[in-house]
Each structure stands twice: as structure tokens, then as C-alpha cells.
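The sequence lines fix the lettering, A, B, ..., with proteins before strands; numbering per chain opens at 1.
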Amino acid sequence: MNIDKQLRESLSKALNELYNISIEADNLVLQPTRKEFQGTHTYVTFSMAKQTRKNPQLIAEELGNYLVEKDAATASFQVVKGFLNITVHDQIWSNKLLTISNCEAWGQAPKGDHLAVIEIASPNTNKPLHLGHLRNICLGFSVSNILKKAGFQVRKVCIVNDRGIHICKSMIAYQLFGNEDTPDSIQMKGDHFVGKYYVKFNDVFKKEVEKLVASGISHKEASQNAPILKEAKKMLKNWEAHEPETIALWEKMNRWVYAGFSETYQIIGAEFDKTYYESETYLLGKDIVKEGLEKGVFYQKDDQSVWVDLTDQGLDEKLILRGDGTSVYMTQDLGTADLRYEDATFDRSIYVVGNEQDYHFDVLFKILKKLDRPYANGLYHLSYGMVDLPSGKMKSREGTVVDADQIMEDMIKTAEAHTKELGKIEGVDKQEASALYKTLGLGALKYFLIKVDPKKRMLFNPEESISFQGDTGPFVQYTHARISSILRKAQSTQVPLEFDPNDLTLCTSERALIYLIDEYPAKVQSAANGYAPSIIAQYIYELAKEYNRFYAEVSIFNESDSNNRQFRVVLSEQTAKIIKSGMELLGIEVPYRM
RNA sequence: GGACCUGUAGCAUAACUGGAUAGUGCCCCUGAUUACGGAUCAGGAGGUUGGGGGUUCGAAUCCCUCCAGGUUCACCA
């Protein structure tokens with residue numbers, strides 16, 4: 001049992017015995033004691049004042065006395081106004097460390113059979129991935145790792161948007177201006193190659209619209225009648241009619257894109273258990289429409305279009321099926337939700353999708369609830385904000401995006417330059433060195449994307465490259481490398497990884513470190529419950545910072561008492577383990593030297 | 001116009017869900033390396049938590065209202 005929980009249970013008993021107040025230990029909250037006061041755990045007694053008709057300070061003192069007398073962990077206490085600050089015996093801390101160090105995988109919850117399906121990165125096949133996709137991918141994979149750590153089975157899925165008018169746009173542009181070029185023939189990554197024609201389409205389209213407007217046609221009409229758009233629409237019809245030539249072109253260009261995507265995925269470390277293609281799922285959902293009509297959840301208008309009325313829940317009426325019987329986005333998403341459940345009976349299904357679709361998912365989930373889907377209560381939209389540039393929004397049509405491949409390459413190069421400047425890895429062979437640059441560069445990037453609350457939009461300034469100091473990936477990685485160095489020395493000087501926990505006096509930073517280490521499993525749980533990787537990032541940063549403080553405060557190998565020396569080595573070892581484990585949850589590797 | 005999201009120091013971010021003097025990083029200033037890694041550590045400067053009301057022992061947090069920015073409300077995806 002962790003120390004926090006033990007104290008809460010004793011407090012729960014105390015409240016019951018002293019004041020006849022019954023509060024479950026799980027419902028009590030202890031906060032970390034602020035640095036300027038003595039102790040590690042603080043209980044706030046103000047809220048007890050009314051029920052007990054006593055002043056908070058007195059309550060704190062009575063509780064404190066009870067703990068000292070009855071609770072084995074409590075050594076002493078200090079009361080400041082309504083705050084009970086508890087000091088725990090050093091032996092409790094050091095024994096705690098011993099227990100944890102004997103534990104196989106601290107933080108790993110027992111594996112259960114609950115399944116979480118998580119949809120990550122749903123790219124279009126008409127352009128390469130950009131920084132927004134990276135935010136999505138980092139969040140998504142991190143949440144999957146965290147859920148696994150918290151005991152879930154996890155299934156990572158990707159749905160590729162490989163059909164539709166926007167795909168036809170790059171196809172028609174290629175047909176018109178491609179000159180039979182291929183990614184190979186002009187040495188270009190396939191997704192960038194296709195993206196080039198998507199941009200080309202929009203250039204041509206824009207010019208055609210301008211021309212039409214100049215000849216006196218309204219802008220709206222012009223943008224519906226631009227010749228190249230008509231061509232694209234024609235191509236979509238051909239595609240839907242399975243016209244062989246169109247299908248062949250479509251397949252060829254999509255292959256190029258997938259080759260490009262998989263390179264990007266490999267660098268960032270993205271792997272999926274299942275990939276769905278919209279070309280295979282876009283007709284799904286029509287049977288659900290029927291079902292909804294029969295159940296009276298949907299209704300039909302005179303023109304045969306099908307709607308759902310959500311005005312009772314503060315939303316609007318929403319179209320489910322067009323009057324001509326063709327699908328809309330919602331139809332499809334209803335269908336894929338069912339498909340996903342048929343493929344794997346999940347308890348939770350998480351959609352990592354940008355916040356411009358908040359409303360869409362709100363509606364989708366409410367409809368599935370109305371349809372009494374057994375999985376409806378496990379649905380969650382992990383919504384994240386846009387990534388902005390100093391110049392404003394990223395717009396792929398206008399080419400103002402931060403390209404995913406480019407930013408990763410830049411980060412890796414920056415890491416290389418920085419590492420070489422510091423000159424600490426001389427003697428490391430080339431292959432290992434370039435792996436290190438990748439670890440550091442991507443570590444900085446991923447940490448940057450994960451550490452903030454997903455809901456907030458974030459600003460990315462390419463001019464000021466992502467920092468390697470302070471609250472960053474490389475800071476944490478550095479701490480790990482530093483500890484690794486200690487452990488190498490411990491091994492070479494044959495310091496045993498064991499100590500006597502009952503013969504130690506700890507200093508503040510040592511207690512603080514064990515406190516943090518002890519909290520790791522609880523942090524994993526709360527990150528899993530809230531689908532919030534930033535909790536882990538914050539926690540790991542705190543841990544690394546505390547270690548560096550410890551490192552500066554005390555000496556390890558110059559410590560004269562051998563038991564104390566060994567204790568500090570074990571403490572270092574355990575800290576490193578958690579840093580490694582926690583960074584893994586964020587999808588970030590950790591180096592042994594840098 | 002309706003709905004939803006966001007607003008904390010020059011910039012970036014946190015606050016255990018209502019608790020102590022609002023933490024932390026970048027930037028700026030001052031210090032620390034004969035010792036285990038200075039991508040580090042210690043100290044300092046910088047705040048009317050967008051504004052105004054309210055609720056109570058206590059508010060960045062809850063309620064009302066206004067302001068700013070964003071997203072969305074299509075027989076688009």
C-alpha cells in the first residue's frame with residue numbers, strides 16, 4: 001500500500017473515532033506539503049469545522065495526536081491554521097524504496113481484459129502529414145501506452161480518408177500536369193509528390209475562378225463552375241462507377257502516398273493494429289438508418305431525407321441520410337462505430353480528433369446512445385486544439401504548413417549540432433551517435449507536443465526551435481544519462497545494489513524522491529482515467545528536477561557511510577527506471593549517455 | 001445570432017477539482033565545477049489569474065454579466 005493511502009486510512013479511522021464522521025479513505029484528499037513547512041503530507045481541516053463545531057486548528061491537533069499514537073507511519077506533525085502537516089518516519093520511506101526496488105515493474109497495473117480501441121491519425125491521401133498530425137499521433141500513442149500501463153488491452157486503429165472529391169483533385173491535377181512523372185523518377189517522397197498536385201489543383205482552380213469572376217460571373221457561381229473542378233467531379237463519378245482507368249490511377253497514387261506515410265510513421269514510431277479505409281466503409285451505416293427509423297429515433301421528411309432531432313438535448317436537428325439516399329459523414333461514422341464493435345468488443349472507444357469536430361462527436365455519441373448501443377457509454381472524443389504558426393493558421397491548400405517530415409529532420413539536426421557543440425560523446429561510433437540525435441530530437445519534439453493540455457491550441461514558432469533546456473524532453477533525457485553514468489560507476493567500483501533501510505537518516509530531497517516514486521502508479525491511473533498524457537509529462541519532469549536537486553545536494557561516492565552510499569545508488573537506480581518507464585509512456589526513448 | 005472551447009508575468013505552461021504567500025520553464029540579473037556529467041544546481045527580478053459583480057471561513061477554480069480570440073451550427077468531409 002502506498003504511504004499516501006495508509007495515512008488516509010488512518011485519518012479516516014481518526015475522523016470516525018474522534019468525531020463520529022465517516023468518510024471513506026478513498027474520498028479523503030491529502031496534498032503534498034509545501035516546501036516551506038515541515039512534513040510531506042498535508043490534510044486540510046477547514047471543512048470539518050462545521051460538523052464538529054470546533055475550530056480547524058484544534059481539529060488538526062487532535063488528528064495529529066491520534067496519528068502519532070495510532071498510525072505506524074506518522075513520526076510527528078505540525079499544525080498551521082487548519083493545515084495538518086504530517087511527517088513520516090524515515091524508516092517508512094526507506095523501506096518503501098526497498099519494496100519498490102524489489103518490484104518487477106513498478107507502475108504496471110495487473111493486466112485486465114477490458115479493451116480500449118483508440119483511433120489515431122486519420123490522414124487524407126492527398127497530402128503529406130503536418131505538425132497537427134504529429135500532435136494527434138503523439139497524443140494518441142501516448143494514451144494507448146498509458147492505458148496499457150493501467151491494465152487495459154489496447155487496439156490502435158487508423159482510418160484513412162482515401163476517397164472523395166479532395167482525392168480526385170490531386171488525381172486530376174496529376175493527370176493534367178503530371179507528365180508521367182513518378183516519385184522515383186523525380187526523387188520525391190510519395191506523399192509529398194501527390195501533395196504537390198493537390199496544391200497544383202488549387203492554384204489552377206484559383207486562377208480559373210479569377211478569370212470567370214473577371215468575365216462578370218459571381219464568385220460563388222465561378223467557384224462551382226471552374227473547369228478543373230468539373231473535371232474532378234466527373235472523376236469522382238467515374239470512381240464511384242468503378243471505371244477501371246480511374247481506379248487504376250487512384251490505386252497507383254494511393255500506393256505512393258502510403259509508401260510515404262509509412263516512412264513518416266516509422267520515424268515517429270507509429271504502428272497500428274488495424275487500418276480502415278474509407279473507400280471500404282463509406283457505404284456503411286444505411287442499415288442503421290433503417291433501424292433508427294423503425295425504432296422511431298430518426299424521422300423522415302417529405303423529400304425522403306432522414307433526420308434526428310436532438311433539440312431536447314440542446315442540439316439541433318441533424319441530417320442522417322440525404323434525400324437521394326446517399327450517405328453523409330454521420331451515416332458513415334455510425335456504421336464504422338458498429339463495425340469497430342463487431343471487429344473487437346470494446347469497453348471504451350477513443351477518437352483522437354481535432355476540436356473542430358467537437359460538435360460532430362457530440363451528436364454521434366448522443367445518437368448511439370439513443371440507439372441503445374451497448375458500447376455507447378465508453379465513447380470518448382479526445383479533442384485537441386489546432387497548432388498555430390505566428391503567421392496564423394496552418395492551411396494545407398495554401399502551403400502554409402509545418403511539414404511533419406521537415407520538422408522531424410530539423411529537430412534531429414538541431415540535436416546533432418547541440419550534441420557536437422557540447423562534445424560529450426566522443427568515442428561513440430557513428431551509428432550510435434545518429435541514433436542518439438534521433439532520440440534527442442524526437443524527444444524534444446514529442447515532449448513539446450505532449451506536455452500541454454490537449455484542449456488548448458498551441459503556438460509553434462519555427463524561428464525559435466524547440467528548446468533543449470528547462471521543461472523539455474532533453475532535460476529529462478539528460479537526467480537519465482546522468483544517472484546511468486552513476487550506475488556504471490557503481491558497477492565498476494562494485495557498490496552492491498542493496499541497503500539496510502532501518503539504519504538511515506534521510507535528507508529532504510531523498511524523501512521527496514521516494515515520495516514521487518511512490519506516486520507513480522497513482523499518476524498512471526489518473527492519466528489513464530483522464531486520457532491525459534500531460535499528467536505523466538509533468539510528473540516525469542518533476543521527478544527529474546527533484547533528482548537533479550538531490551544530485552547537487554549530496555555526494556554519492558564520497559559519502560563515508562557505506563550503507564548510505566548504497567542507499568543513494570539504489571535511489572538513483574529506481575529514479576532512472578521510472579524516468580525510462582514514464583518516458584516510454586510518452587513514446588520517448590531515453591539515452592544512457594548523451 | 002445560438003452552442004461549445006480558450007483567456008494565468010514579455011513568451012510558454014501548472015495548480016491534486018474550493019485551500020496556505022498562484023507553482024514551473026524560457027528570457028534578464030547574481031552566484032556555484034580541485035569531487036559522481038554545467039543539456040545541471042542555488043538565489044533575484046517579473047502577477048489586479050481578461051474586466052466587473054456574487055456565493056463563504058477561503059475563489060484562478062463554482063454562479064451571473066460583460067470583453068477578447070477560436071471552433072462549430074450545410075442534403076461538405
Open item on the list: Quick test of your reading: applying side chain to side chain donor-acceptor pair (under 3.5 Å), list the pairs with at least one residue in residues 354-365 of chain A, sequence neighbours left out, ordered by first then second residue.
Closed with: A:Asp316-A:Tyr359, A:Tyr329-A:Gln357, A:Asp333-A:His360, A:Asp358-A:Ser383, A:Asp362-A:Lys366

Would you tell me if any nitrogen or oxygen in the side chain of [X] comes within less than 4.0 Å of OP1 or OP2 on [N]?
| X | N | value |
| --- | --- | --- |
| A:Lys455 | B:C5 | no |
| A:Arg568 | B:C36 | no |
| A:Arg565 | B:C36 | no |
| A:Lys81 | B:U21 | yes |
| A:Arg34 | B:G23 | yes |
| A:Lys456 | B:A14 | yes |
| A:Arg457 | B:U13 | no |

Which is true for [X] with a 4.0 Å heavy-atom rule: it touches a base, it touches only sugar-phosphate, or it touches nothing?
| X | result |
| --- | --- |
| A:Gly164 | nothing |
| A:Val554 | base |
| A:Gln31 | base |
| A:Ser467 | nothing |
| A:Val328 | sugar-phosphate |
| A:Ser534 | nothing |
| A:Asn85 | base |
| A:Ser47 | base |
| A:Asn558 | base |
| A:His418 | base |
| A:Leu440 | base |
| A:Pro56 | nothing |
| A:Asp453 | sugar-phosphate |
| A:Ala481 | base |

TODO: Name the orientation class of the two ring planes belonging to A:Tyr351 and A:Phe365 (parallel below 30°, tilted from 30 to 60°, perpendicular beyond 60°).
DONE: tilted

Open item on the list: For A:Tyr520 and A:Tyr539, take the angle between the two ring planes, folded into 0 to 90°, and tell me which bin it lands in: parallel under 30, tilted 30 to 60, perpendicular over 60.
Closed with: parallel

Using atom [atom1] of each nucleotide, how far apart are [N] and [M] to the nearest Å?
| N | M | atom1 | result |
| --- | --- | --- | --- |
| B:A14 | B:G7 | C1' | 15 Å |
| B:C67 | B:U24 | P | 36 Å |
| B:U30 | B:G37 | C1' | 24 Å |
| B:G51 | B:G38 | P | 43 Å |
| B:U49 | B:C62 | P | 16 Å |
| B:G47 | B:U13 | C1' | 15 Å |
| B:A22 | B:G46 | P | 14 Å |
| B:G50 | B:U61 | P | 8 Å |

TODO: Flag as yes if A:Tyr478 stacks onto the base of B:G37 (centroids under 5.5 Å, planes under 30°), otherwise no.
DONE: no

- [ ] May I ask whether A:Phe37 stacks on the base of B:A20, given the cut-offs of 5.5 Å between ring centres and 30° between planes?
- [x] yes

Measure from [atom1] on [X] to [atom2] on [N] and round the result to the nearest Å.
| X | N | atom1 | atom2 | result |
| --- | --- | --- | --- | --- |
| A:Glu356 | B:C76 | CD | P | 19 Å |
| A:Phe475 | B:U24 | CZ | P | 13 Å |
| A:Asp362 | B:G2 | CG | P | 19 Å |
| A:Lys54 | B:C57 | NZ | C1' | 18 Å |
| A:Leu229 | B:C76 | CG | P | 14 Å |
| A:Gln469 | B:G38 | CD | C1' | 10 Å |
| A:Tyr547 | B:C41 | OH | P | 13 Å |
| A:Arg549 | B:G23 | CZ | C1' | 12 Å |

- [ ] Would you name the heavy atoms of A:Tyr299 and A:Val308 that are closest together and state the gap between them?
- [x] CE2-C, 4.2 Å

Which nucleotide, if any, forms a Watson-Crick or G-U wobble pair with [N], using both distances under 3.5 Å?
| N | result |
| --- | --- |
| B:A42 | B:U30 |
| B:G1 | B:C73 |
| B:C57 | B:G19 |
| B:A12 | B:U24 |
| B:G37 | none |
| B:G47 | none |
| B:G7 | B:C67 |

Open item on the list: Do A:Ile466 and A:Thr472 have side chains that approach each other closer than 4.5 Å (heavy atoms only, starting at C-beta)?
Closed with: no

Task: Nearest to side-chain heavy atoms of A:Asn548, which nucleotide of B:C73, B:C36, B:C41 - done: B:C41

- [ ] Ignoring the backbone of A:Tyr359, work out which of B:A77, B:U72, B:A20 is nearest its side chain.
- [x] B:U72

Task: Comparing A:Thr33 and A:Leu321 on RNA chain B - which has the more 5′ nearest nucleotide - done: A:Thr33

Task: 5' precedence on RNA chain B between A:Leu459 and A:Leu422 (nearest-nucleotide basis) - done: A:Leu459

Open item on the list: For A:Ser327, is there any backbone N or O sitting under 3.5 Å from a side-chain donor or acceptor partner on A:Arg322?
Closed with: yes

Task: Under 3.5 Å donor-acceptor, A:Arg163 side chain and A:Ser279 backbone - done: no

TODO: Using a 90° cut-off around 0 for syn, call B:U17 syn or anti.
DONE: syn

Task: A:Thr331/A:Val306 under side chain to side chain contact (heavy atoms under 4.5 Å, CB included): CA gap, chis, key distance, verdict - done: CA-CA 10 Å; A:Thr331 327; A:Val306 179; over 6 Å; no

- [ ] Given side chain to side chain contact (heavy atoms under 4.5 Å, CB included), test A:Leu516 with A:Tyr547 step by step and report yes or no.
- [x] CA-CA 10 Å; A:Leu516 284 167; A:Tyr547 185 84; over 6 Å; no

Open item on the list: With a 6.0 Å cut-off on the ring centroids, do A:Tyr198 and A:His166 count as close?
Closed with: no

